[in-house]
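Just below is one structure, and these are the notes that go with it.
Owing to the predicted nature of the structure, the values given are computational and were not obtained by experimental measurement.
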Amino acid sequence: MAEIIFTNVLEVPEIYQPIPTYKLIPDWYKNTDSYISGEKVPSGDGGTSATIKRCMPVFDVMNFGYYLITHTDVWVSQKADDPNNPEVKTPWYEWPSFGVIQFHPVNQSPLHPKVTSSPTPKWINPWGIKTPKGYSTLFIAPVHRDNVFVALPGVVDTDNYDAPVNIIFTLSNPNFSGLVPAGTPIAQVIPFKRESWNMKIGKEKDKKNIFNTSTLLKTKFFDSYKSQFRQAKEYK
């Protein structure tokens, strides 16, 4: 099993260390029934009563990698920068410790679709990340979660660069006000092996293979993809 090492360089409390994503499944998923009306029966039209909870691609991506979590509370409020124009407000961030947020000026990424007219906040990550030779790390916003802070994605070659990677983020709702508590997932960290790829367009034999796969998928009412195609993935 490959090993990823997280090193605490700012001495934040251990309770806020990175965590495998499977340990922090969102409540909406936990509270969703596996089957409509709780009944594991065919749907009446050749399908099943399975809900999103039985969808393995959704399950796998939520259990993919590790979470970086906030290690202090952040309070977000909306303030008017210009007293002559009090209707125009921008987010204001406060925190009790660690100096957790810095800002990038707007003119560093003036055309980015997620950047607003306010300086772009950056979470100061206290964790250095080291992966084995040949492995990089993908940083994305935590998937299938109601994120207040939305991390902008990036890839870092963490086999060579093991210093902390800070997380640039935006607000999912630019007008949000309120508390983002310590312990909130701020980024999903996914190590992957670097490989070179060459794109091709499938031919007739590839089309036939796809047809065979689709046909096999349709032979079972329940958990067909899981039982016939899915491979286990582990992040501990």
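Under 3.5 Å, the side chains of Ser136 and Asp157 contain a donor-acceptor pair of N or O atoms. Side-chain atoms of Lys133 and Asn160 include a donor-acceptor pair closer than 3.5 Å. Between the side chains of Ser118 and Thr90, no donor-acceptor pair is found at a separation under 3.5 Å.
Panel note: side chain Ser49, backbone Tyr35; no donor-acceptor pair is recorded below 3.5 Å. The backbone N or O of Asp159 lies less than 3.5 Å from a partner atom in the side chain of Thr131, making a donor-acceptor pair. A distance-only check finds a donor-acceptor pair linking the side chain of Lys233 to the backbone of Gln231 [under 3.5 Å]. Remark: the backbone N or O of Phe176 is paired with a side-chain donor or acceptor of Gln78 at under 3.5 angstrom. A side-chain donor-acceptor contact under 3.5 Å links Asp73 to the backbone of Ala182. Formation of a donor-acceptor pair under 3.5 Å by the Thr48 side chain with backbone atoms of Phe222 is not found in this model. Under the 3.5 Å distance criterion, the side-chain polar atoms of Thr51 are matched with a main-chain donor or acceptor of Ser34. Judged by distance alone, the side chain of Thr21 and the main-chain N or O of Phe64 form a donor-acceptor pair under 3.5 Å. Put simply, the side chain of Asp206 gets close to the backbone of Lys203: a donor and an acceptor are under 3.5 Å apart. Remark: side-chain polar atoms of Asn147 are not paired, donor with acceptor, to backbone N or O of Phe149 under 3.5 angstrom.
The aromatic ring centres of Trp123 and His71 sit less than 6.0 Å apart.
Linking Ile, Leu, Val, Met, Phe, Trp and Tyr whenever their side-chain heavy atoms come within less than 4.5 Å leaves Leu179 and Leu171 in two separate clusters. No continuous path of ILVMFWY side-chain contacts below 4.5 Å connects Ile168 to Leu138, so the two sit in separate hydrophobic clusters. Hydrophobic clustering of Ile, Leu, Val, Met, Phe, Trp and Tyr side chains at less than 4.5 Å, counting indirect connections, unites Val155 with Val143. In the hydrophobic clustering of this structure, Phe6 groups with Ile167; members are Ile, Leu, Val, Met, Phe, Trp, Tyr whose side-chain heavy atoms approach within less than 4.5 Å, directly or through other members. Residues Trp127 and Ile69 fall into different hydrophobic clusters, defined by Ile, Leu, Val, Met, Phe, Trp and Tyr side chains chained together at heavy-atom separations under 4.5 Å.
Proximity of Val76 to Ser177: side-chain heavy atoms (C-beta onward) are nowhere separated by under 4.5 Å. Side-chain contact check for Lys193 versus Pro132: every heavy-atom pair is 4.5 Å or farther apart. With a 4.5 Å cut-off on side-chain heavy atoms, Ile210 and Asn212 do not count as touching. Within the 4.5 Å cutoff, the side chain of Leu24 has heavy atoms near those of the Pro185 side chain. Taking 4.5 Å as the limit, every side-chain heavy atom of Ile190 sits out of range of all side-chain heavy atoms of Phe139. In this structure the side chain of Gln228 reaches within 4.5 angstrom of the side chain of Thr219, judged on heavy atoms.
Crowding of Lys89 atom NZ: a count of heavy atoms from other residues, nucleotides or ligands under 6.0 Å not exceeding 12. Within a 6.0 Å sphere centred on CH2 of Trp28, other residues, nucleotides and ligands contribute more than 12 heavy atoms. More than 12 heavy atoms of other residues, nucleotides or ligands shown are found within 6.0 angstrom of CG on Asn31. By the neighbour-count criterion of 12 heavy atoms within 6.0 Å, atom NZ of Lys30 is densely surrounded, having more than that number from other residues, nucleotides or ligands. Around CD of Glu11, the count of heavy atoms belonging to other residues, nucleotides or ligands within 6.0 Å does not exceed 12.
Between Pro142 and Ile186 the shortest heavy-atom distance is CD-O, 3.6 Å. Taking every heavy atom of both residues into account, Pro174 and Pro91 meet most closely at O-CG, 3.8 Å.
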Decide side-chain contact (heavy atoms from CB on, under 4.5 Å) for Phe59 and Arg230; before the verdict, give the C-alpha distance in whole Å, the side-chain angles of both, and the deciding distance to 0.1 Å. CA-CA 11 Å; Phe59 175 85; Arg230 178 181 177 266; 3.8 Å; yes

Would Trp75 and Val180 count as a side-chain contact (heavy atoms from CB on, under 4.5 Å) if you check the C-alpha gap in whole Å, the side-chain angles of each, and the deciding distance to 0.1 Å? CA-CA 6 Å; Trp75 185 268; Val180 180; over 6 Å; no

After noting the C-alpha distance and the side-chain angles of Tyr66 and Tyr235, does the key distance pass the ring pair (Phe, Tyr, Trp, His ring centres under 6.0 Å) rule? CA-CA 7 Å; Tyr66 308 87; Tyr235 295 89; 5.8 Å; yes

Could you go through Tyr67 and Gln188, starting from their C-alpha distance and side-chain angles, then the distance that decides it, and tell me whether this counts as side-chain contact (heavy atoms from CB on, under 4.5 Å)? CA-CA 5 Å; Tyr67 285 138; Gln188 192 163 339; 3.9 Å; yes

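Looking at Arg54 and Asp223, a side-chain N of the basic residue comes within less than 4.0 Å of a carboxylate O on the acidic one, giving a salt bridge. A salt bridge between Glu234 and Lys236 is present, with a side-chain N of the basic residue lying under 4.0 Å from a carboxylate O of the acidic one.
A side chain to side chain contact (heavy atoms under 4.5 Å, CB included) with Pro164 is found for exactly one of Asn8, Ile129, Asn125, namely Asn125.
We find the CG-NZ distance between Asn198 and Lys200 to be 6.0 Å, quoted to the nearest 0.5 Å. We find the CG-OG1 distance between Leu10 and Thr7 to be 11.5 Å, quoted to the nearest 0.5 Å. Rounding to the nearest 0.5 angstrom, the gap separating the CD1 atom in Ile101 from the OG1 atom in Thr70 is 9.5 Å. To the nearest 0.5 Å, the span separating NE2 on His144 from CD1 on Ile25 amounts to 10.5 Å.
Taking the ring centre of Tyr29 as origin, the terminal cationic atom of Lys53 falls inside the region bounded by 6.0 Å and 45° from the ring axis. Remark: Lys122 fails to qualify as a cation-pi partner of Phe169 under the 6.0 Å distance and 45° angle criteria applied to the six-membered ring.
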